[in-house]
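The block underneath contains the structure these notes are about, expressed in C-alpha coordinates.
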Amino acid sequence: MKPSKEKKRKVLIVDDNRDLCEMLKDVLEMENFKVDFALNGAQAVQLMRAMKFDVVLLDIKMPGMDGIQTYEKLKALAPNVPVIMITAYAVEELIKEAMNLGAFAALKKPFDFEELLETIDKATGR
(Lines give C-alpha, C1' and ligand atoms only; values in the text may rest on other atoms or scores of the structure.)
Protein backbone atom coordinates (compact mmCIF):
# COMPACT_ATOMS: atom_id res chain seq x y z
CA MET A 1 0.00 0.00 0.00
CA LYS A 2 1.41 3.38 -1.04
CA PRO A 3 1.69 6.11 1.60
CA SER A 4 -0.91 8.81 1.05
CA LYS A 5 0.49 11.86 -0.70
CA GLU A 6 0.28 14.80 1.70
CA LYS A 7 -1.24 17.92 0.19
CA LYS A 8 1.12 20.86 -0.02
CA ARG A 9 0.60 23.42 2.70
CA LYS A 10 0.09 26.94 1.33
CA VAL A 11 2.17 29.75 2.81
CA LEU A 12 1.67 33.47 2.31
CA ILE A 13 4.82 35.54 2.92
CA VAL A 14 4.24 39.27 3.48
CA ASP A 15 7.40 41.38 3.52
CA ASP A 16 8.50 44.57 1.74
CA ASN A 17 11.90 42.96 0.98
CA ARG A 18 11.50 41.17 -2.38
CA ASP A 19 14.86 39.35 -2.07
CA LEU A 20 13.83 37.91 1.30
CA CYS A 21 10.44 36.84 -0.09
CA GLU A 22 12.05 35.09 -3.07
CA MET A 23 14.67 33.38 -0.89
CA LEU A 24 12.03 32.16 1.60
CA LYS A 25 9.83 31.02 -1.30
CA ASP A 26 12.71 28.95 -2.74
CA VAL A 27 13.55 27.38 0.64
CA LEU A 28 9.92 26.57 1.48
CA GLU A 29 9.19 25.16 -1.99
CA MET A 30 12.15 22.78 -1.52
CA GLU A 31 10.37 21.66 1.67
CA ASN A 32 7.22 20.92 -0.38
CA PHE A 33 5.19 24.05 0.41
CA LYS A 34 3.19 26.07 -2.09
CA VAL A 35 4.22 29.71 -1.59
CA ASP A 36 2.84 33.09 -2.62
CA PHE A 37 4.19 36.41 -1.46
CA ALA A 38 3.02 39.99 -1.11
CA LEU A 39 5.31 43.00 -0.86
CA ASN A 40 2.87 45.07 1.19
CA GLY A 41 -0.24 44.79 3.34
CA ALA A 42 -2.68 45.73 0.56
CA GLN A 43 -1.34 42.95 -1.72
CA ALA A 44 -1.57 40.49 1.19
CA VAL A 45 -5.22 41.37 1.76
CA GLN A 46 -5.95 40.90 -1.99
CA LEU A 47 -4.25 37.48 -1.97
CA MET A 48 -6.08 36.42 1.20
CA ARG A 49 -9.40 37.36 -0.44
CA ALA A 50 -8.53 35.34 -3.56
CA MET A 51 -6.93 32.21 -2.04
CA LYS A 52 -6.83 30.02 1.02
CA PHE A 53 -3.59 29.73 2.99
CA ASP A 54 -2.52 27.38 5.78
CA VAL A 55 -0.14 29.87 7.41
CA VAL A 56 1.07 33.47 6.97
CA LEU A 57 4.59 34.81 7.59
CA LEU A 58 4.09 38.53 8.20
CA ASP A 59 6.74 41.24 8.57
CA ILE A 60 5.92 43.60 11.42
CA LYS A 61 7.65 46.69 10.03
CA MET A 62 6.55 47.67 6.51
CA PRO A 63 5.91 51.04 4.86
CA GLY A 64 2.27 52.00 4.44
CA MET A 65 0.10 49.42 6.17
CA ASP A 66 2.34 47.97 8.91
CA GLY A 67 2.30 44.38 10.13
CA ILE A 68 -0.24 45.02 12.91
CA GLN A 69 -2.73 46.72 10.57
CA THR A 70 -2.19 43.96 7.98
CA TYR A 71 -2.60 41.29 10.67
CA GLU A 72 -5.97 42.72 11.73
CA LYS A 73 -7.25 42.78 8.13
CA LEU A 74 -6.00 39.23 7.40
CA LYS A 75 -7.57 37.89 10.61
CA ALA A 76 -10.90 39.51 9.68
CA LEU A 77 -10.78 37.62 6.35
CA ALA A 78 -9.41 34.30 7.67
CA PRO A 79 -9.67 34.11 11.47
CA ASN A 80 -8.40 30.50 11.67
CA VAL A 81 -5.20 30.95 9.66
CA PRO A 82 -2.17 31.12 11.98
CA VAL A 83 0.10 34.13 11.52
CA ILE A 84 3.81 34.05 12.35
CA MET A 85 5.22 37.56 12.77
CA ILE A 86 8.74 38.15 11.44
CA THR A 87 11.05 41.08 12.11
CA ALA A 88 14.62 42.28 11.74
CA TYR A 89 14.09 45.11 14.19
CA ALA A 90 13.84 45.46 17.94
CA VAL A 91 10.13 46.26 17.95
CA GLU A 92 9.16 44.62 21.22
CA GLU A 93 5.99 46.72 21.61
CA LEU A 94 4.74 45.72 18.14
CA ILE A 95 5.62 42.07 18.77
CA LYS A 96 3.78 42.19 22.11
CA GLU A 97 0.76 43.82 20.42
CA ALA A 98 0.72 41.15 17.68
CA MET A 99 0.96 38.35 20.24
CA ASN A 100 -1.86 39.94 22.28
CA LEU A 101 -3.99 40.04 19.12
CA GLY A 102 -3.40 36.32 18.66
CA ALA A 103 -0.33 35.92 16.43
CA PHE A 104 0.94 32.34 16.60
CA ALA A 105 4.62 33.25 17.10
CA ALA A 106 7.25 35.89 16.40
CA LEU A 107 10.59 35.09 14.77
CA LYS A 108 13.61 37.34 14.32
CA LYS A 109 15.51 37.75 11.04
CA PRO A 110 17.91 36.37 9.98
CA PHE A 111 16.07 33.09 10.32
CA ASP A 112 17.17 29.82 11.72
CA PHE A 113 15.46 27.74 9.02
CA GLU A 114 15.01 24.73 11.29
CA GLU A 115 13.20 26.95 13.80
CA LEU A 116 11.13 28.50 10.99
CA LEU A 117 10.08 25.08 9.66
CA GLU A 118 9.31 23.78 13.18
CA THR A 119 7.18 26.87 13.88
CA ILE A 120 5.28 26.41 10.59
CA ASP A 121 4.75 22.72 11.43
CA LYS A 122 3.37 23.62 14.86
CA ALA A 123 1.17 26.38 13.41
CA THR A 124 -0.32 24.03 10.82
CA GLY A 125 -0.76 21.15 13.26
CA ARG A 126 1.95 18.86 11.87
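- You'll find the side chain of Phe33 stays beyond 4.5 Å of the side chain of Val55, heavy atoms only.
- In this structure, the side chains of Met48 and Val45 stay at 4.5 Å or more apart for every pair of heavy atoms.
- Applying the side-chain hydrogen bond (donor to acceptor under 3.5 Å, both in side chains) definition to pairs two or more places apart or across chains, those involving residues 111-124 are Arg9-Asp121, Arg9-Thr124.
- Within the 4.5 Å cutoff, side-chain heavy atoms of Glu22 are placed close to those of Phe37.
- When hydrophobic clusters are built by joining Ile, Leu, Val, Met, Phe, Trp and Tyr residues whose side-chain heavy atoms come closer than 4.5 Å, directly or via intermediates, Phe53 is not grouped with Phe104.
- Ala38 approaches Cys21 most closely through the heavy-atom pair O-SG, 4.2 Å.
- No side-chain heavy atom of Val11 sits less than 4.5 Å from a side-chain heavy atom of Leu24.
- Between the CD atom in Glu31 and the CG atom in Asp26 there is a gap of 12.5 Å [rounded to 0.5 Å].
- Partners of Lys109 by salt bridge (Lys or Arg N to Asp or Glu O under 4.0 Å), not counting sequence neighbours, listed by chain and number: Asp15, Asp59.
- The environment of Lys10 atom NZ is dense: over 12 non-hydrogen atoms of other residues, nucleotides or ligands sit within 6.0 angstrom.
- Taking CG of Asn17 as the reference point, atom CG of Leu39 lies at 9.0 Å (rounded to 0.5 Å).
- Hydrophobic cluster membership differs between Leu28 and Met51, with clusters built from Ile, Leu, Val, Met, Phe, Trp and Tyr side chains linked at under 4.5 angstrom.
- Proximity of Val35 to Ile13: side-chain heavy atoms (C-beta onward) are separated by under 4.5 Å at one or more points.
- Residues Ile86 and Leu58 have side chains not in contact (no heavy-atom distance under 4.5 Å, counting atoms from C-beta outward).
- Side-chain contact between Val56 and Val14: present, with at least one pair of heavy atoms (C-beta onward) separated by less than 4.5 Å.
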Which donor-acceptor pairs under 3.5 Å do side chains of residues 63-73 form with protein atoms, sequence neighbours excluded?
unit_1 : atom_1 : unit_2 : atom_2 : d
Asp66  : OD1    : Ile68  : N      : 2.9
Asp66  : OD1    : Gln69  : N      : 2.8
Gln69  : OE1    : Asp66  : N      : 2.8
Thr70  : OG1    : Asp66  : O      : 2.8
Tyr71  : OH     : Leu101 : O      : 3.3
Tyr71  : OH     : Gly102 : O      : 3.2
Tyr71  : OH     : Ala103 : N      : 3.1

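- Every pair passing salt bridge (charged side-chain N to carboxylate O under 4.0 Å, His left out) that includes a residue from residues 45-56 is listed here, sequence neighbours excluded: Lys7-Asp54.
- Every residue meeting the side chain to side chain contact (heavy atoms under 4.5 Å, CB included) condition with Met23, not counting sequence neighbours, appears here in chain and number order: Leu20, Val27, Phe113.
- Interatomic distance, CG of Leu107 versus CD1 of Ile95, reported as 9.5 Å (0.5 Å rounding).
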Going by atom type alone, with no hydrogens or angles, which donor-acceptor pairs under 3.5 Å involve a side-chain atom of residues 74-85 and a protein atom two or more places apart or on another chain?
unit_1 : atom_1 : unit_2 : atom_2 : d
Lys75  : NZ     : Pro79  : O      : 3.0
Lys75  : NZ     : Val81  : O      : 2.6

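- Partners of Glu29 by side-chain hydrogen bond (donor to acceptor under 3.5 Å, both in side chains), not counting sequence neighbours, listed by chain and number: Lys25.
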